[in-house]
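The sequence lines fix the lettering, A, B, ..., with proteins before strands; numbering per chain opens at 1. These figures come from a predicted structure and were not determined experimentally.
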Amino acid sequence: MRMQKRRDFLKLCNFIYAQSTESWGEFFLGGRRITRMSRSSLITSENDIDIGLELTGDEDDVSTLQEGQERKRHRGRRKAGEREKKKRPRRNREASAAGEAKEEESQAQPQKGKRGRRRRERTEAEEAEGNQRGEEKHAKIKSGKAEKTRKNVRNEKTQKKDQEEEEEEEEEEEAGSRNSKRKKRRASAKEEEKEEVESKHKVKEQTQEVKEKKKKKKKKHKKVETSSEQDTSEEEDKDEADNEEIGVRPESLTPEELEKLKEAVDERKKLIQGLRGKPWPMKKKLVTLRESQEFVEKYEGALGKGKGRKLYAYKVMMNKKWMKFQRDFENFKTACIPWEMKIKEIESHFGSSVASYFLFLRWMYGINMILFGLTFGLVMVPEALMGRPYGSIPRKTVPRAEEASAMDFAVLWDFGGYAQYSVLFYGYYNNQRAIGWLKFRMPLSYFLVGVGTVAYSYMVVIRTMARNANDSGVGDDNSFNFSWKMFTSWDYLIGNPETADNKFASITTSFKEAILEEQESRKDDNIHLTRFLRVLANFLVLCCLAGSGYLIYFVVRRSQKFALDGLDTHSWWERNEVNMVMSLLGMFCPMLFDVISTLENYHPRVALQWQLGRIFALFLGNLYTFIIALMDEINLKREEEKIVKFNITMWEASLYNGTVSENSTALPITIQPADVPRGPCWETMVGQEFVRLIISDTMTTYITLLIGDFLRAVLVRFLNYCWCWDLEAGFPSYSEFDVSGNVLGLIFNQGMIWMGAFYAPCLPALNVLRLHVSMYLQCWAVMCCNVPQERVFKASGSNNFYMAMLLVILFLSTLPAIYTIVTIPPSFDCGPFSGKKRMFDVIQETLESDFPAWFSKVFSYASNPGLVLPFMLLMVLAIYYLQSTSKSYKEANVELKKKLQTQNEENKKKNKRAALKAQMDLEEAKKATSHGDGPEHQKNNNASLKDQEVDWEDNQGNGPRLYRGRNERNPSALRIKECHLPATNAPVPRSHHHGSHGAPGYLPGLPLQSEPRMYRVPSMQRH
Amino acid sequence: MGNKQTIFTDEQLDAYQDCTFFTRKEILRLHGRYHELAPHLVPMDYTNDPDCKVPLALIVNMPELKENPFRNRIVESFSEDGMGNLSFNEFVDMFSVLSETAPRELKAIYAFKIYDYNVDNYLCKEDLEKTLNKLTKEELTPEEVVLVCEKAIEEADLDGDNKLSYADFENMITRAPDFLSTFHIRI
């Protein structure tokens, strides 16, 4: 505790010494004030120190001003001497505990002297004002603490006071300075007008020049406040926190004070939390952080006195632990994100648009990992470990007829044979209600995982969309065309010369286009022709779509015929026709669309949108044709199933009769499960179709990648040596990375996963594998054989566009899956739901057998349409209500923004007018006082900034400083103004203007950098 | 840790994590990059806050910044002295602001500083001209440049003083659809 105090005090002293040179006057004024104040308030009540401070301070300001000025000089000299003298006698006096605090304080002083000086020297040259401010604040808090302890001590031992008169005086001087500063900060935050009046009083007694400065400074100060609201409020908070500290003594805390302290602590905590978002230099942030942490640490213990104290301390401790854990977890999480460096490399080579594809791919990978975890952990593994083993029941055995070829690669590749009768597909699962020693409810788990997959996907997609919507700007109006182009068109991610060149070129053309558009509304050379061509193009595209749809339907129907004949009789092509046709269509149709779209003569961005829309339509059409064809097949299978079912009963009966007649005493007949006849199991068939589709799609993607990109790049690269034209620059060239096509491919692939995952639990696993390989393969391909895009499209906006597409696909793909689950009865002899009428009956069953009777009763009542319908109606109403409120909020927001803007403008105008007037006044005054020696004056100022600083400080010293701490930028601004003003008729370094114009546009919290630059900027006439 | 050299104490790392948008690993990586820039200048051991600065010329040559037309301005606006000498703190600060997670407001403040060439807290015509010339590699004709700058100011200037104050700039940039995605450097 003592050490802590001591350290605190050292810091305080450091600061004071550093500040002392520029604020002697204030010190002594403050000293004067505090002597009065302390005598009145300390003796009476300590609790209202705040008020006492303020009142006495305000009175004193005027009355003591001149005294202070006079006293300042000799006192300043005396003080230095005193300190040295006092050092020795005090060291002997270690008598009472009460003396200790003071003792430390005084001992610290010489040390601080040295330290402060050293520090000051070191930092003087480079320290930005923002920094100083931070330090000051720092010191101020310390001072609050130190003072508090000191006063406590004093309170207890007031009799000692007389004995240490001399010492006390000095202390009081210090305290005075602190108080005055504190007061001022508070006043500046809260009592702006009051202070202004005050300052005017003072100003009258000052010289003309000082008066001018003060006024201007005042204005500046105010302006800064209006322009940087955020920062100011921050400061106010801090000020308040500082003020509150005065009243705090851990020993005698009233509830209100406790409350205040708590608030202050909370304030600090908030500050720590939001520190990273502050536009301060790092040094200041670090200092503030350290200091806020110290504050919190110190005073958190003082809170929650009495019985709540222990609990509070415990809570605080746990909170800290929790925070630490959270941070570690966060670190761990980011460490787990894969491919960070790979993506970074791509980003720097190709800019943000190509990288956005890979980010999307990674995001997809994450989602699929979770889906895979769900299906793998809750469905596949339990069945494989705890379910009946392979070969135990018919549905888990390869039928006798297929046994011979079950292990052939061709069959396995088609996911027939052993692959078909495994955990990979729906049919393998048994309808046993509970399996293994865990009594794992397999069918229920299967159903819930299927539902959960979809639900989770919806949740993630919608959440991401909401977040993206938050991130992206409003960006719908076109009012900032040029400014946006100018300030946001450069992609800071680009780190590759070639890409940079492309980017430069594309920016230049975009500017040229914009200029052209601006200069003349675009000439429509032949509107009829364009219209005709566009209609023609759309017609062609529609033809393509219809053709591809028909082709798929045709092929699927044909494949059904082949399937009925048996697969062995057909060639590889005939067996894989459907998938191949679909993949090929997906590959070539977009190219066709691209060719067609050249007819249309759209702006590239519009053309891209059309292209995306068409590809989307194509994929969707293909997918739905495929599904419709599958539905036909399902119906066929179900017909078949009926026949098989009938046959089986016949077969069983005959078997039974036959065996009974032979010998009735024999063991129950043992039939190999492989010999049992079985139904077609349409679920497995659907699953297989989807898996095949995914596989062939993946293969096509990879092969196109290898041929279209890699082979082309190799050919272009090496044939270029012996070719008659330049292959690299000319026709084939290298390929570009097709972001939109790839994203669409990914989205549709995901749609198929969602559709098929219920019938083939292995699909997420396959997809994870595919995405993983894709990541590496495409990363490699893009880096090795693609060139940066000629026209660099921005990634922005499209992000949520892709998400919206994903959502649409998700909806469209879950639709058929849900339809089949709800309407078609499951197969009678395969899958976890066999024997039930509908798949979702598993819920009913669980409710009846696993929950108490009343629960199922309640549930059955709840699920009665009379209740469900009103509930749904209510939900719809709620949605409607929320939507309309959000709309009105949005409107109100816009309104407020507008209001704020107009207010801002008004303020600015007002400020400008005031500034202009002040400038005029000043000029007049200047002219009156000194004719013609302006340039000289200015030269002096420029030549020796240091001198000026001293000058200025002296001036400051003449009266109490009103503005310190609030904004250290002011002095420089003032200084600059000073040198600018006389020079309106002479060339001035340009940056000098920033003082006079700086106020409204002042950036919150930015350190001032202009001073060193001031000398570098060549002189240039501005007005 | 074992015999691995400690670069930062845990407290320092925590403080940096509080003050920036980086995780522990990234801060260490940043230090690695910073050290790489000037191995003879920058010590490996940062536990006692050594006071060293890396000059602009070295920083600008980082692959992340090399192609950026505003690289000098970026480094200058983050340096305390305005000349582009960055201490490690400022270096971290720079990449923190340019990181993906930094909020739009913070980015806007620093973007304004970057485009404010003459540091007068206004984007005046000269600033815009310089920006435009850097952006297009001076391939626009002077008339076009003037036209574009005029247009840009006309669009964004709310108070009609023919230059953009921070408020104007912020108003404009917060609506820009791709400010966040482009004003971003991954380290």
Side-chain angles (χ1 to χ4, degrees), chain A residues 126 128 272 275-277 279 281-283 285-286 289 327 330-331 334-335 344 347 352 471-475 479-480 482-484 486-488 490-495 497 500 504 507-508 511 515 794-797 904-905 908-909 990-991 993-994 997-998 1000-1003 1009-1010 1012-1013 1017, chain B residues 15 17-21 23-25 63-64 66-69 80-83 89-90 92-93 98 103 106 109 112-113 115 118-122 128 131-132 135-137 139-140 144 147-148 151-152 155-156 158-159 165-167 172-186:
Chain A
E126 56 191 78
I272 292 175
L275 198 59
R276 58 178 65 174
M282 186 60 107
K283 217 187 249 174
K285 277 196 261 187
L286 286 175
L289 172 76
R327 165 158 299 164
E330 206 66 28
N331 283 350
T334 43
K344 191 205 148 190
E347 264 177 350
S352 53
D471 276 0
S472 61
V474 197
S479 51
F480 295 116
F482 280 99
S483 346
W484 282 348
M486 193 176 281
F487 294 118
T488 65
W490 181 259
D491 193 343
Y492 278 58
L493 285 165
I494 290 174
F504 281 127
I507 289 174
T508 311
F511 269 119
I515 291 169
K794 286 166 198 156
S796 70
N904 235 2
E905 277 167 51
K908 260 189 256 168
K909 269 179 203 158
R990 237 168 90 227
S991 54
H993 287 273
H994 93 260
H997 304 300
Y1002 164 64
L1003 296 183
Q1009 293 189 350
S1010 50
R1013 297 175 61 82
V1017 182
Chain B
Q17 286 180 63
D18 272 328
C19 293
T20 64
F21 298 93
T23 61
R24 190 190 175 87
K25 196 177 136 199
E64 281 82 3
K66 215 166 70 191
E67 298 303 327
N68 199 316
E80 211 172 273
D81 54 5
M83 306 287 286
N89 278 341
E90 289 150 7
V92 172
D93 212 17
L98 288 168
L106 188 66
I109 288 168
F112 183 82
K113 283 186 69 174
Y115 296 124
N118 51 11
V119 204
D120 61 354
N121 282 326
Y122 278 104
L128 294 190
T131 309
L132 192 60
L135 209 51
T136 56
K137 283 202 168 168
E139 271 173 30
L140 293 180
E144 283 170 329
L147 180 78
V148 169
K151 278 281 162 199
E155 281 165 4
L158 292 176
D159 46 6
S165 67
Y166 175 66
M172 180 266 294
I173 212 83
T174 45
R175 297 192 197 179
D178 24 45
F179 174 59
L180 273 191
S181 60
T182 54
F183 195 73
H184 157 208
I185 292 178
R186 202 186 292 265

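- Remark: A/Phe504 pairs with A/Trp490 by the ring-ring contact (aromatic ring centres under 6.0 Å, His included) rule, at least two apart or across chains.
- Here the side chain of B/Lys151 pairs no donor or acceptor atom with the backbone of A/Phe482 at under 3.5 angstrom.
- Shown here for A/Leu286 and B/Ala15, the closest heavy-atom pair between the two residues is CD2-CB, 3.9 Å.
- The residue among B/Val148, B/Thr131, B/Ile185 with the most heavy atom pairs within less than 4.5 Å of chain A is B/Val148.
- When side chains are defined from C-beta on, A/Lys283 counts as touching B/Glu80, because their heavy atoms get closer than 4.5 Å.
- Residue A/Leu493 touches chain B through both its backbone and its side chain, counting heavy-atom pairs closer than 4.5 Å.
- Nearest heavy atom pair, residue A/Phe487 against residue B/Met172, reads CD1-CE, 3.1 Å.
- Minimum heavy-atom separation, B/Glu67 to A/Ala500: OE1-CB, 3.6 Å.
- Considering only heavy atoms from C-beta on, A/Tyr492 comes within 4.5 Å of B/Asn68 through its side chain.
- For chain A, no part of B/Lys66 is nearby; none of its heavy atoms comes within less than 4.5 Å.
- The greatest number of non-hydrogen atom pairs below 4.5 Å with chain B, out of A/Leu275, A/Asn331, A/Leu289, is found for A/Asn331.
- Annotation for A/Ser483 and B/Ala152: closest pair OG-O, 3.5 Å, computed over non-hydrogen atoms.
- Contacts of B/Tyr115 with chain A are made by side-chain atoms alone, with heavy-atom separations under 4.5 Å and no backbone atom involved.
- Taking the side chain as every heavy atom from C-beta outward, A/Met486 and B/Leu128 approach each other to under 4.5 Å.
- Smallest separation of non-hydrogen atoms from B/Ile109 and A/Pro279: CD1-CG, 3.6 Å.
- For chain A, the nearby parts of B/Leu135 are the backbone and the side chain; heavy atoms of each come within less than 4.5 Å.
- Note on B/Asp18, B/Leu106, B/Ile173: by heavy-atom pairs under 4.5 Å with chain A, the leading option is B/Asp18.
- The residue among B/Lys25, B/Glu64, B/Lys137, B/Glu90 with the most heavy atom pairs within less than 4.5 Å of chain A is B/Lys137.
- Interface remark: B/Thr20 contributes backbone and side-chain atoms alike to the contact with chain A (heavy atom separation under 4.5 Å).
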